[in-house]
S.K.: 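Quick one: structure below, then a few questions.
Both ligands and their constituent atoms are indexed starting at 1 by order of listing.
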Amino acid sequence: MNPNLLHLVRIAQQPVRRIIGLMSGTSLDGLDVALCRCEGSGLHTRVQVEHFHTVPYPEAVKNQIRQVFARAEISFEQLCLLHPWIGHLHADMVLDCLRQWQVAPTDVDCIASHGQTVYHAPHHQHGRPDFPNATLQLGDGDHVAIRTGILTLSDFRQKHLAAGGEGAPLAVYGDYLLFSKADEDRILLNMGGIANFTYLPGSLQLAGIFSTDVGPGNTLLDAFTQHHFPPLSYDADGALAAQGQVHEALLAALLDHPFFQAEFPKTTGPELFNKEYVRQAQQRSHCPTLAPHDLLATLTQFSAEGIVRAVERCFPTPNLTVYASGGGMHNPVLMRSLRQRLPHCRFTTTNELGILPDAKEAVLFAVLANEALAGTPETFQGGQPGNPAVSMGKISFAR
Ligand SMILES: Nc1ncnc2c1ncn2[C@@H]1O[C@H](COP(=O)(O)OP(=O)(O)OP(=O)(O)O)[C@@H](O)[C@H]1O
Ligand SMILES: CC(=O)N[C@H]1[C@@H]2OC[C@@H](O2)[C@@H](O)[C@@H]1O[C@H](C)C(=O)O
């Protein structure tokens, strides 16, 4: 038998696995690296984050990715070169983290690598009848495995697509395994580039659980901060938005898109919510030249409103605990708006659940890899609409 298979079986049979979860989201701010101690599997999974770091992307890296990111037309050569290049980059970032943490690569069982999403095209977005839901993440797992010497699972979203999902949000799988709690209705709200949430009913009924994108999180805030206030890359602490006024007509135009009326679960990305989307809404609401601070105030309210409307639509009298995570939870203007508009909800962060909010998505991929190695798709029974019962991740041996 190929010794790689024996190695794989040995890791799968261990009571505890050390797995590095990697996530690079739509904000292009950097690579989240979480070294996790994963014990057990399925509903018995226990995760302890041993180390976490976001390795920031240098501007030159962001510019390479931006050449293809969320663009319908690109250089094929650039796309082809980026796939191994991002694999190398992420592998080197992992090795740097391990050096800093004084952990030997041989003491890590596996890397769970999400890669970099460069294009997300669910059917409702591309609208082409002959084509399925599609999504593309770069940073090939073989390159990560060979360069780090660590077994790597990658490309988690394709199996989800193949089994009938939109390739996202995958958060529901990890949230269900780690955070379900009897007698507490929970929302796990992640505000990254795009905002999404998972609903975990206190009844623990699998049928009630779902996860959905709800609209933009920080993606538009980042885009317009970079446009109007270089060299700033994001509106730190909402300081710019706090100086502006919400333009109600523009807010209404921004919210006037079929995405917000579509049934849950659904997914989206900067392919839809981008500068052109805002420009068109400005035209429709007769404010083509809004002051930048007012624009940021309005866009922050737009992010909040997308979240609020989705929560209200799912739960008419929301009496829930909201566990926030992702970069948006650091924006007090956004958080204030959410608290005001959802007064029946108790707001806290995933810290209360023992997971560092900034690490949550990287931990998710460690949990998905742990399930692929040691779990069974049956944990998710028949799956939920949009969330098929499958194990995800392609296996790349390190030799
Ligand atoms: N102190 C802060 N004040 C305001 N915004 C912040 C702050 N810190 C981080 N952010 C926002 O959070 C973003 C990064 O969030 P995060 O890392 O969760 O996104 P991501 O993982 O790339 O996104 P996705 O969820 O789409 O995968 C930054 O680009 C910025 O907009
Ligand atoms: C295609 C893609 O990369 N989607 C991301 C993105 O970032 C947030 C939101 O949009 C979410 O749907 C997803 O990531 C998280 C980790 C998820 O799948 O749950």
Side-chain angles (χ1 to χ4, degrees), residues 21-34 52 54-57 62 65 69-70 112 114-122 125 133-139 155-158 160-161 165-176 188-198 210-226 232-242 265-273 296 299-300 303 324-335 350 356-368 386-387 392:
L22 301 181
M23 173 68 188
S24 180
T26 48
S27 304
L28 294 185
D29 54 337
L31 180 69
D32 295 336
V33 186
F52 173 72
T54 299
V55 187
Y57 285 154
K62 294 184 190 178
I65 299 172
F69 184 74
H114 171 266
Q116 174 64 53
T117 295
V118 288
Y119 206 83
H120 185 63
Q125 204 152 293
N133 292 322
T135 191
L136 184 61
Q137 285 71 41
L138 298 185
D155 210 13
F156 290 85
R157 299 192 189 274
Q158 295 303 324
H160 193 263
L161 291 171
E166 290 191 8
L170 303 184
V172 65
Y173 297 90
D175 291 347
Y176 170 58
L188 278 291
L189 171 65
N190 192 78
M191 292 164 290
I194 296 298
N196 62 13
F197 69 68
T198 300
F210 73 100
S211 186
T212 183
D213 285 355
V214 295
N218 302 297
T219 187
L220 296 173
L221 308 181
D222 290 355
F224 283 94
T225 300
Q226 289 158 21
L232 298 183
S233 60
Y234 67 98
D235 182 11
D237 303 333
L240 300 169
K266 55 192 169 184
T267 62
T268 190
E271 297 75 14
L272 171 64
F273 293 113
L296 280 167
L299 293 173
T300 306
S303 295
S325 60
M329 58 164 273
H330 302 297
N331 183 332
V333 180
L334 179 60
M335 291 310 296
T350 59
L356 202 64
D358 291 321
K360 182 176 174 265
E361 288 191 333
V363 171
L364 161 70
F365 289 96
V367 171
L368 291 183
N387 292 309
M392 289 162 269

S.K.: For ligand 2, which is the ligand I care about here, please tell me if His120 has any N or O atom under 3.5 Å from one of the ligand's N or O atoms.
M.R.: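 Between His120 and ligand 2 (N or O atoms, distance only) the closest approach is not under 3.5 Å.
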S.K.: Provide, to 0.1 Å, the distance between atom 2 (C) of ligand 1 and the closest protein heavy atom, together with that atom's residue and name.
M.R.: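 Ranking protein heavy atoms by distance from atom 2 (C) of ligand 1, first comes His330 CB, 3.4 Å.
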S.K.: Give me the ring orientation class for Phe210 and Phe197: parallel if the planes are under 30° apart, tilted from 30 to 60°, perpendicular past 60°.
M.R.: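 Rings of Phe210 and Phe197: perpendicular, as their planes differ by over 60°.
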S.K.: Quick one: pull up CD in Gln158 and CG in Leu136 and give me the separation to the nearest 0.5 Å.
M.R.: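 So the gap between those two atoms works out to 7.5 Å.
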S.K.: Where is the nearest protein heavy atom to atom 11 (C) of ligand 2: which residue, which atom, and how far?
M.R.: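 Protein heavy atom at minimum distance: Asn196 ND2, 3.3 Å.
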S.K.: Identify the two heavy atoms, one from Gly165 and one from Asn133, that lie closest to each other, and give their separation to 0.1 Å.
M.R.: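 Of all heavy-atom pairs spanning Gly165 and Asn133, the closest is O-ND2, 3.1 Å.
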S.K.: What protein heavy atom is closest to atom 19 (O) of ligand 2, reported as residue, atom name and distance in Å?
M.R.: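 Looking at atom 19 (O) of ligand 2, the protein heavy atom closest to it is Ala171 N, 2.9 Å.
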S.K.: Within ligand 1, which atoms have a heavy atom of Met23 less than 4.0 Å away?
M.R.: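 Reading through ligand 1 atom by atom, the close ones are 27 (O).
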S.K.: Does any N or O of ligand 2 fall below 3.5 Å from an N or O anywhere on Phe365, backbone included?
M.R.: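 For ligand 2, there is no N or O atom that lies under 3.5 Å from one belonging to Phe365.
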S.K.: Is Ser24 in polar range of ligand 1, meaning some N or O pair under 3.5 Å apart?
M.R.: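 Among all N and O atoms of Ser24, none is under 3.5 Å from an N or O of ligand 1.
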S.K.: What about Ser27: any of its N or O atoms under 3.5 Å from an N or O on ligand 1?
M.R.: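 By distance alone, the answer is yes.
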S.K.: In terms of residue, atom name and distance, what is the protein heavy atom nearest to atom 16 (C) of ligand 2?
M.R.: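 The closest one turns out to be Glu361 OE2, 3.3 Å.
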S.K.: Quick one about Ser27 and Tyr234 (side-chain donor to acceptor, distance below 3.5 Å, no hydrogens or angles considered), yes or no?
M.R.: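 The answer is no; no qualifying pair exists.
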S.K.: With side chain to side chain contact (heavy atoms under 4.5 Å, CB included) as the test, would you mind laying out the steps for Ile65 and Tyr57 before giving the verdict?
M.R.: CA-CA 10 Å; Ile65 299 172; Tyr57 285 154; 4.1 Å; yes
S.K.: Less than 4.5 Å apart, any side-chain heavy atom of Leu28 and any of Gln116?
M.R.: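 A side-chain contact under 4.5 Å exists here.
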S.K.: Suppose I only count heavy atoms of Ile194 and a 4.0 Å limit; which atoms of ligand 1 are within that range?
M.R.: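 Selected atoms, number and element: 25 (O), 26 (O).
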S.K.: Among protein heavy atoms, which lies nearest atom 14 (O) of ligand 2, and at what distance?
M.R.: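 It is Arg157 NH2, 3.1 Å.
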S.K.: Considering non-hydrogen atoms only, spot the tightest contact between Tyr119 and Glu271 and give its length.
M.R.: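 Result for this residue pair: CA-OE2, 3.4 Å.
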S.K.: So which heavy atom in the protein is nearest atom 1 (N) of ligand 1, and how far is it from that ligand atom?
M.R.: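 Here the closest protein heavy atom is Asp237 OD1, 3.1 Å.
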S.K.: Do you know which two heavy atoms are closest between Ser24 and Leu31, and how far apart they sit?
M.R.: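 Scanning both residues, the minimum pair turns out to be CB-CD1, 4.0 Å.
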S.K.: Which of the numbered atoms in ligand 1 are under 4.0 angstrom from any heavy atom belonging to Ala236?
M.R.: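 Matching atoms, with element in brackets: 3 (N).
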S.K.: Can you find an N or O of Gly327 that's nearer than 3.5 Å to an N or O of ligand 1?
M.R.: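 So ligand 1 has an N or O lying under 3.5 Å from an N or O of Gly327.
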S.K.: As an exercise, identify every atom of ligand 1 less than 4.0 angstrom from a heavy atom of Asp222.
M.R.: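 In order of number, 28 (C), 29 (O), 30 (C), 31 (O).
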S.K.: So for ligand 2, is Thr135 a polar contact partner (N or O within less than 3.5 Å, distance only)?
M.R.: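 No, no N or O pair falls under 3.5 Å.
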S.K.: Is there a heavy atom in Leu221 that sits closer than 4.0 Å to ligand 1?
M.R.: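 Flag not set, Leu221 not near ligand 1.
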S.K.: So, for Met191 and Ala324, which heavy atoms are closest and what is the spacing to 0.1 Å?
M.R.: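 Met191 and Ala324 have their closest heavy atoms at CE-CB, 4.0 Å.
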S.K.: How far is atom 3 (O) of ligand 2 from its nearest protein heavy atom, and which residue and atom is that?
M.R.: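 For this ligand atom, the closest protein heavy atom is Thr117 OG1, 2.6 Å.
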S.K.: Could you state the interatomic distance from CG (Asp32) to CZ (Phe52), rounded to the nearest 0.5 Å?
M.R.: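 Reported to 0.5 Å precision, the distance equals 4.0 Å.
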S.K.: Given that the side chain starts at C-beta and the backbone is N, CA, C, O, which of these parts of Asp29 lies under 4.0 Å from ligand 1, counting heavy atoms, or is it both or neither?
M.R.: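 Under 4.0 Å from ligand 1, Asp29 contributes side-chain atoms alone.
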S.K.: For atom 23 (O) of ligand 1, what is the nearest protein heavy atom, given as residue, atom name and distance?
M.R.: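 Checking every protein heavy atom, the shortest distance to atom 23 (O) of ligand 1 gives Gly193 N, 2.9 Å.
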S.K.: Short list, please: which atoms of ligand 1 are under 4.0 Å from a heavy atom of Gly326?
M.R.: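 Checking each atom against Gly326, I get 18 (O).
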S.K.: With atoms numbered from 1 as shown, which atoms in ligand 1 lie under 4.0 angstrom from a non-hydrogen atom of Asn331?
M.R.: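 The atoms of ligand 1 under 4.0 Å from a heavy atom of Asn331 are 4 (C).
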S.K.: Got the closest protein heavy atom to atom 8 (C) of ligand 2, with its distance?
M.R.: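 Going by distance alone, atom 8 (C) of ligand 2 is nearest to Ile194 O, 3.7 Å.
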S.K.: Can you measure from CE (Met335) to NE2 (His330) and round to the nearest 0.5 angstrom?
M.R.: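 Output value for this atom pair is 10.5 Å.
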S.K.: Hey, could you give me the CD1/CG distance between Ile194 and Leu220, rounded to the nearest 0.5 Å?
M.R.: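 CG of Leu220 is found 7.5 Å from CD1 of Ile194.
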S.K.: Nearest heavy-atom pair of Gly193 and Thr26: which atoms, and what distance?
M.R.: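 The pair with the smallest heavy-atom distance is CA-OG1, 3.2 Å.
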S.K.: Which residue owns the protein heavy atom closest to atom 9 (C) of ligand 2, what's the atom, and how far is it?
M.R.: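 Protein heavy atom with the smallest distance to atom 9 (C) of ligand 2: Asp213 OD1, 3.5 Å.
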S.K.: State which residue, out of Thr198, Leu364, Asn196, fulfils the side chain to side chain contact (heavy atoms under 4.5 Å, CB included) condition with Pro169.
M.R.: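 Among the candidates, only Asn196 passes.
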S.K.: Considering only heavy atoms of Asn190, which atoms of ligand 1 have at least one such atom less than 4.0 Å away?
M.R.: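 Here the atoms of ligand 1 in question are 25 (O).
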S.K.: Kindly compute the distance separating OG (Ser303) from CG (Asn331), expressed to the nearest 0.5 Å.
M.R.: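 So the OG of Ser303 and the CG of Asn331 are separated by 8.5 Å.
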S.K.: So, regarding Leu170 and ligand 2 (criterion: nitrogen or oxygen to nitrogen or oxygen, under 3.5 Å), is there a contact or not?
M.R.: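 Yes.
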S.K.: To which protein heavy atom is atom 13 (C) of ligand 1 closest, and what is the distance rounded to 0.1 Å?
M.R.: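 Of the protein heavy atoms, Asn218 ND2, 3.6 Å lies nearest.
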S.K.: Charged N to carboxylate O under 4.0 angstrom, Asp175 versus Lys360?
M.R.: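 Lys360 and Asp175: salt-bridged.
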S.K.: What residue and heavy atom of the protein are closest to atom 6 (C) of ligand 2, and at what distance?
M.R.: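 Heavy-atom neighbour on the protein nearest atom 6 (C) of ligand 2: Thr26 CG2, 4.1 Å.
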S.K.: Grab the two heavy atoms, one from Tyr173 and one from Asn387, that are nearest each other, plus how far apart they are.
M.R.: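 Answer, listing the atom of Tyr173 first, then Asn387: OH-C, 3.2 Å.
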S.K.: Any N or O of Thr268 that comes nearer than 3.5 Å to an N or O of ligand 2?
M.R.: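 There is no such contact.
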S.K.: What's the shortest distance from atom 4 (C) of ligand 1 to any protein heavy atom, and which residue and atom give it?
M.R.: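 Here the closest protein heavy atom is Asp235 O, 3.2 Å.
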S.K.: Identify, by atom number and element, the atoms of ligand 1 in contact range of Glu361, meaning under 4.0 Å from any of its heavy atoms.
M.R.: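 The list of qualifying atoms is 21 (O), 24 (P), 25 (O), 27 (O).
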S.K.: In Å, rounded to the nearest 0.5 Å, how long is the span from CG of Asp235 to OG1 of Thr225?
M.R.: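 Reported to 0.5 Å precision, the distance equals 4.5 Å.
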S.K.: Among all protein non-hydrogen atoms, which one is nearest to atom 5 (N) of ligand 1, and what is the separation to 0.1 Å?
M.R.: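 Residue, atom and distance for the closest contact: Tyr234 CD1, 3.7 Å.
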S.K.: So which protein heavy atom does atom 26 (O) of ligand 1 come closest to, and at what separation?
M.R.: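 Result: Thr26 OG1, 2.3 Å.
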S.K.: Working note: Val333 + Leu296, criterion side chain to side chain contact (heavy atoms under 4.5 Å, CB included); need CA distance, chi angles, decisive distance, verdict.
M.R.: CA-CA 11 Å; Val333 180; Leu296 280 167; over 6 Å; no
